[in-house]
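Predicted model, so just to flag it, every value in this text is computed and none were measured. For reference, positions follow the sequence shown, starting with 1.
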Amino acid sequence: MNATARKTSETDLLAEHYLFSSFTVQQQQKIGASSRLLSIKSGETLFHQGDKAKFFYLVISGQIKLCLNSRDGNQKIVEVVYPGQTFAEAVAFMTGHRYPVSAQAIEDASLVVIPSLLYLEQLADSNASCFRLLGNISRRLHARLREIEMLTLENATHRLVRFLAHKTITEDNRIHLNLSRQDIAARLSIKPETLSRIIRGLIDEGIISVDGKEITILNRKAMAEYE
């Protein structure tokens, strides 16, 4: 691949990422022209904690671990970065511009190296690009919050099902609860409104029916799948 083709490839890769999709084609080309591809071997360190941060990175292949190194030599992995993800971009917006973590390849990796200063200059030159970027980040943040909410709800459902499974179940599949919903929520470490949502969901799925403090299990197999 010749130099021109490589630059075109880098620009195309960047344009697909939300951090760059807010820029105009001209801005993307300018950033792409100043970026470069970098290949590093497994175990190789990209930068150390405290190094001056002049670049951030987009992972094309391989995996990168971000870690903190303590004075006694122990290492704590903060995050693992996968293909399609960027890292160290937040440092460009921070004062001091030094990497707060070290970055090391878990396996052979290919990266696009982006100059942080040039990226900030493109934002400073275009209010429209800034607002589009904020919109992209906001949408991604809301999506991540929804994912967290779904995972939290799913985990809480497992807890409720396990709680019910340990109750005495009669021959006609009934469970009598001697606790209020508020007490059950407190026991399961979830909010009462979350408990109500979970119960409503199980009712809507035809797994249980509820009559006061009496719960009837309508579908044992479906209920067991939550455990």
Side-chain angles (χ1 to χ4, degrees), residues 16-22 56 58-59 63-68 70 74-94 100-101 103 106 130-227:
E16 295 172 0
H17 194 276
Y18 78 94
L19 285 178
F20 305 92
S21 60
S22 60
F56 66 98
L58 170 65
V59 180
Q63 297 177 19
I64 303 292
K65 66 177 180 181
L66 306 180
C67 47
L68 290 171
S70 62
N74 291 323
Q75 186 183 83
K76 178 182 179 181
I77 297 177
V78 176
E79 185 179 358
V80 175
V81 190
Y82 298 94
Q85 297 180 323
T86 54
F87 63 97
E89 69 275 15
V91 187
F93 297 93
M94 297 165 55
V101 296
I106 295 177
C130 287
F131 284 117
R132 286 194 294 268
L133 176 61
L134 286 174
N136 289 341
I137 292 175
S138 295
R139 284 191 291 272
R140 289 180 62 84
L141 177 60
H142 284 301
R144 297 294 86 76
L145 289 175
R146 285 195 295 271
E147 287 178 8
I148 292 171
E149 183 180 8
M150 289 176 62
L151 289 171
T152 301
L153 190 62
E154 184 179 342
N155 181 265
T157 302
H158 290 173
R159 277 180 275 167
L160 175 61
V161 169
R162 286 195 296 269
F163 171 79
L164 295 176
H166 285 86
K167 293 295 181 181
T168 300
I169 303 176
T170 64
E171 291 183 0
D172 56 353
N173 290 327
R174 289 182 179 272
I175 300 172
H176 177 74
L177 300 176
N178 53 7
L179 297 174
S180 67
R181 288 195 182 186
Q182 187 169 357
D183 289 336
I184 294 173
R187 183 166 179 176
L188 298 177
S189 300
I190 58 179
K191 295 180 180 179
E193 56 266 31
T194 301
L195 177 63
S196 295
R197 287 175 60 191
I198 293 169
I199 292 175
R200 172 51 56 190
L202 293 174
I203 292 173
D204 291 344
E205 291 181 47
I207 296 174
I208 64 172
S209 65
V210 179
D211 182 13
K213 290 190 175 183
E214 296 285 338
I215 292 180
T216 301
I217 301 174
L218 304 176
N219 190 332
R220 279 179 172 269
K221 182 178 179 181
M223 188 170 177
E225 290 176 355
Y226 277 101
E227 292 191 79

[atom1]/[X] to [atom2]/[Y] distance, rounded to the nearest 0.5 angstrom?
| X | Y | atom1 | atom2 | result |
| --- | --- | --- | --- | --- |
| Phe163 | Leu195 | CZ | CG | 9.0 Å |
| Glu205 | Thr157 | CD | OG1 | 8.5 Å |
| Arg139 | Leu134 | CZ | CG | 10.5 Å |
| Ile64 | Tyr82 | CD1 | OH | 11.5 Å |
| Lys65 | Ile77 | NZ | CD1 | 4.5 Å |
| Arg159 | Ile198 | CZ | CD1 | 7.5 Å |

- Query: More than 12 heavy atoms of other residues, nucleotides or ligands under 6.0 Å from CG of Asp204: is that the case?
  - Reply: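 Buried by this count: over 12 neighbours within 6.0 Å.
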- Can you check whether Ile208 reaches Ile203 side chain to side chain, under 4.5 Å on heavy atoms?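 Ile208 reaches Ile203 side chain to side chain.
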- Heavy-atom side-chain contact between Lys167 and Ile215 under 4.5 Å: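 Answer no - side chains too far apart.
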Please give me the minimum heavy-atom distance between [X] and [Y], naming the atom from each residue.
| X | Y | value |
| --- | --- | --- |
| Phe87 | Ala103 | CE1-CB, 4.0 Å |
| Ser196 | Arg181 | OG-NH1, 3.9 Å |
| Pro100 | Leu68 | O-CD2, 3.2 Å |
| Gly206 | Leu218 | O-CB, 3.4 Å |
| His17 | Gly84 | CD2-O, 3.3 Å |
| Ala156 | Thr194 | CB-CG2, 4.5 Å |

Identify all side-chain donor-acceptor contacts of residues 170-177 below 3.5 Å with residues at least two apart in sequence or on another chain.
residue : atom : partner : partner atom : Å
Thr170  : OG1  : Asp172  : OD1          : 2.2
Thr170  : OG1  : Arg174  : N            : 3.1
Thr170  : OG1  : Arg174  : O            : 3.4
Asp172  : OD2  : Arg174  : NE           : 3.4
Asn173  : OD1  : Arg220  : NE           : 2.9
Asn173  : OD1  : Arg220  : NH2          : 3.0
Arg174  : NH1  : Thr216  : OG1          : 3.3
His176  : ND1  : Glu214  : OE2          : 2.9

- Query: Do Ser22 side-chain atoms and Tyr18 backbone N/O form a donor-acceptor pair below 3.5 Å?
  - Reply: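 Not a single qualifying donor-acceptor pair exists.
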- Query: Should the pair Arg187-Asp183 be classified as a salt bridge under the 4.0 Å nitrogen-to-oxygen rule?
  - Reply: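 Salt bridge absent between Arg187 and Asp183.
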- Go through Glu79 and Val101 one step at a time and tell me if the side-chain contact (heavy atoms from CB on, under 4.5 Å) criterion holds. CA-CA 10 Å; Glu79 185 179 358; Val101 296; over 6 Å; no
- Kindly determine whether Asn136 and Arg132 satisfy side-chain hydrogen bond (donor to acceptor under 3.5 Å, both in side chains), including the steps that lead there. CA-CA 6 Å; Asn136 289 341; Arg132 286 194 294 268; over 6 Å; no
- Message: Set out, in order, the CA-CA distance, both residues' side-chain angles and the distance that settles side-chain contact (heavy atoms from CB on, under 4.5 Å) for Ile199 and Leu160, then state yes or no.
- Response: CA-CA 9 Å; Ile199 292 175; Leu160 175 61; 4.0 Å; yes
- Tell me, with the steps shown, if Gln85 and Val59 meet side-chain contact (heavy atoms from CB on, under 4.5 Å). CA-CA 6 Å; Gln85 297 180 323; Val59 180; 5.5 Å; no
